[in-house]
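Please read the structure below before turning to the comments.
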Amino acid sequence: MTNTDTTPIQIFDTTLRDGEQSPGAAMTHEEKLRIAELLDEMGVDIIEAGFPISSPGDFKAVQEISKIVKRASVCGLSRAGFKDVDRAGEALKGAFRPRIHTFISTSPVHMKHKLNMGENAVLEAIGASVTRARNYTSEVEWSAEDATRTVPEFLVRCVDVAINSGATVINVPDTVGYSTPQEFFDIITMLRERVPNSDKVIFSTHCHNDLGLAVANSLAGVLAGARQVECTINGIGERAGNAALEEIVMALKVRKDIMPFTTGINTTMLNRASKLVSNVTGFPVQYNKAIVGKNAFSHESGIHQDGMLKNVETYEIMRPEDVGVHATSLMLGKLSGRHAFRDKLDSMGYALEAEAFEDAFRRFKDLADKKKHVFDEDIAALVDDEIVRGHDAILVKSVRVESGTGIKPNAQMTLSVAGEERSVRTEGDGPVDAIFKAIREAFPHAATLQLFQINAVTEGTDAQATVSVRLEENGRTVTGKASDIDTMAAAAFAYVNALNKLLVKREKRAPEPLSVAQ
């Protein structure tokens, strides 16, 4: 018998905080704002916007996101120190529903080797930090870092102190992805049963994916009584990442028969959110990724195809449109006009300003002249590329590459740097090397190349190439991305996109070693 009683589960998105801790996933200020707006529109309940004390950039991001988010609670992370709490409180002043999320390690290994603190000192820090946070906001979340490796009796004492000090949400992180579903279920159950006044707070999960169990552990926590799940778009995060928001949400939606819960997420926006985060970070979504992967709704096996033709429920437990995936379309071509192009963008969830629309339409017409068929994926790639480029100080005006058997690869390039055109010609070990050397000569810089990656947007020899370039300079890492039917041109655009991000990226500063693993 199906249980029709659906209990709400709050979705706490930490893409902008924990997700940004992925090596190479740093986001610009504008990119963070754009993601925050989409998360709010999508129905996320709490947006962890950053770690205010970690850098001026993070403080500003939390401050600005607090102003633009209309529905969700905006959260700032804080260690147990008063300076951290005060900085978070200051950043959240303009939020509709501010929340301070403070934490401290509670496991023996963390307390001994990282904090150099005993149990009593940790308990005092918990009480003091939560009390301090309550001076700024009525929503205070407390986390026991490395909770799943904490001695149960001590974890109970920690949670008790946090609740008595005014915490409204108790988060139980599997910081190193060590737990299993049954273990995590037992921990949540134990805390709810043994901690006085546990019924007065919301329990939350924050599971990492080191053993591939983040989503399973999170759902086990929900079944044990947790009513908030911390997760990220595409599951990005430190090391192997976090529980993936799209997987949590769709598991709860599809399996209401055994998990009678609901979320406020508009699931038709999941694919759009996945593409945006992938585009911003330069982290491609693996083809077989659940829910939002390219192959999530593809069927190649003859047996599967036969079953799908007879009844889609034979091999699909959800509809593609439920997560915002549209069937590949061939409706647009070189004869399509502005009205048809705008209608297509609307159906794909894009809303562009007049100038950006005209630039995107021009690039679409150029692409349509080169390609026999223009797919939805092609349109998404060129529009996302247009958004990423924005108003850049460095522009590729032209690039020409010579390469082949018996030819020394060389690149001729003209860059516009703050309106000044600079033309160079360089040789390299290969065409891409020649292009990157040309960019370095036209715009000297000390950044080093950390990643160069090419992916085809669609199939076929006329497919657009999406190129990701990651640069590192003085401890700052940025990722540039660009798409073009000419792979070499896409490489040039992506490298220059990364350079533009370096120009506007604020330098991170860490006043002391930060621990934000959770």
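Start at 1 with the first residue, then count along the sequence.
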Expected output: side-chain Asn209 to main-chain Leu213 donor-acceptor under 3.5 Å: yes

Between His101 and Glu48, a side-chain donor and acceptor under 3.5 Å: yes

Over 12 non-hydrogen atoms of neighbours within 6.0 angstrom of CZ in Arg194: yes

Heavy-atom side-chain contact between Asn242 and Cys231 under 4.5 Å: no

Test item: Glu183 side-chain N/O and Thr180 main-chain N/O as donor-acceptor pair under 3.5 Å: yes

Neighbour count above 12 (heavy atom, 6.0 Å) for Phe154 CZ: yes

Minimum heavy-atom distance between Val74 and Ala95, given as atom pair plus value: CB-CB, 4.2 Å

Residue Asp199 excluded, over 12 heavy atoms near CG under 6.0 Å: yes

Side chain Asp58, main chain Ser55, donor-acceptor under 3.5 Å: no

Sidechain-backbone polar pair: His208 side chain, Val176 backbone, donor-acceptor under 3.5 Å: no

No-hydrogen, no-angle side-chain donor-acceptor test under 3.5 Å, Tyr136 and Asp86: yes

Full working for side chain to side chain contact (heavy atoms under 4.5 Å, CB included) between Ile188 and Val172: CA-CA 8 Å; Ile188 298 293; Val172 183; 3.8 Å; yes

Pairwise distance CG(Leu16) to CD(Gln21) - rounded to 0.5 angstrom: 11.5 Å

Side-chain heavy atoms of Ser73 within contact of Phe96, under 4.5 Å: no

Heavy-atom closest pair, residues Leu471 and Ala498: CD1-CB, 3.7 Å

Arg470 side chain near Val478 side chain, heavy-atom distance below 4.5 Å: no

Gln63 and Ser66 side chains, donor-acceptor separation under 3.5 Å: no

Arg87 NZ/CZ over Phe59 ring centroid, <6.0 Å and within 45° of normal: yes

Nearest non-hydrogen partners of Ala216 and Pro181, listed with the distance: CB-CG, 3.8 Å

Donor-acceptor side-chain pairing of Asn171 and Ser143 below 3.5 angstrom: yes

Check against side chain to side chain contact (heavy atoms under 4.5 Å, CB included), Tyr350 and Ile379: CA-CA 10 Å; Tyr350 289 105; Ile379 295 172; 5.8 Å; no

Sidechain-backbone polar pair: Arg239 side chain, Asp210 backbone, donor-acceptor under 3.5 Å: no

Any side-chain donor near an acceptor of the partner, Thr150 and Thr106, under 3.5 Å: yes

Heavy-atom check, side chain of Ile9 versus side chain of Gln228, under 4.5 Å: no

Side chains of Thr148 and Asp174, donor plus acceptor under 3.5 Å: yes

Lys93/Glu90 ion pair, N-O < 4.0 Å: yes

Heavy-atom side-chain contact between Trp142 and Ile104 under 4.5 Å: yes

Donor-acceptor contact present, side-chain Thr6 to main-chain Phe261, <3.5 Å: no

Test item: Asn500 side-chain N/O and Ala393 main-chain N/O as donor-acceptor pair under 3.5 Å: yes

Donor + acceptor pair across side chains of Asn234, Ser274 (<3.5 Å): yes

Pair Thr14, Thr232: side-chain N/O donor-acceptor within cut-off below 3.5 Å: no

Ser105 side chain to Ser107 backbone, donor-acceptor under 3.5 Å: no

Heavy-atom donor-acceptor pair, Thr15 side chain to Ile233 backbone, under 3.5 Å: yes

Check ion pair Glu41-Arg71 (N to O, under 4.0 angstrom): no

Sidechain N-carboxylate O distance under 4.0 Å for Glu64, Lys67: yes

Distance-only donor-acceptor check, side chains Gln453 and Ser468, under 3.5 Å: no

Steps toward side chain to side chain contact (heavy atoms under 4.5 Å, CB included) verdict (Thr268, Glu321): CA-CA 6 Å; Thr268 64; Glu321 52 267 35; over 6 Å; no

Residue pair Pro52 / Leu77: nearest heavy atoms and the distance that separates them: CD-O, 3.3 Å

Lys275, NZ: over 12 other non-hydrogen atoms inside 6.0 angstrom: no

NZ/NE/NH1/NH2 to OD/OE distance under 4.0 Å, Asp160 and Arg157: no

Minimum side-chain heavy-atom gap Met111-Glu119 below 4.5 Å: yes

Closest non-hydrogen atom pair, Asp322 against Thr267: O-OG1, 2.6 Å

Candidate list Ile248, Val254, Val249, test side chain to side chain contact (heavy atoms under 4.5 Å, CB included), partner Leu252, passing option: Ile248

Donor on one side chain, acceptor on other, Thr28 and Lys501, under 3.5 Å: no

Donor-acceptor contact below 3.5 Å, side chain Ser54 vs main chain Phe51: yes

Under 3.5 Å side-chain donor-acceptor pair for Asn120 and Glu124: no

For Ile47 against Asp40, the heavy-atom pair lying closest together: CD1-N, 3.9 Å

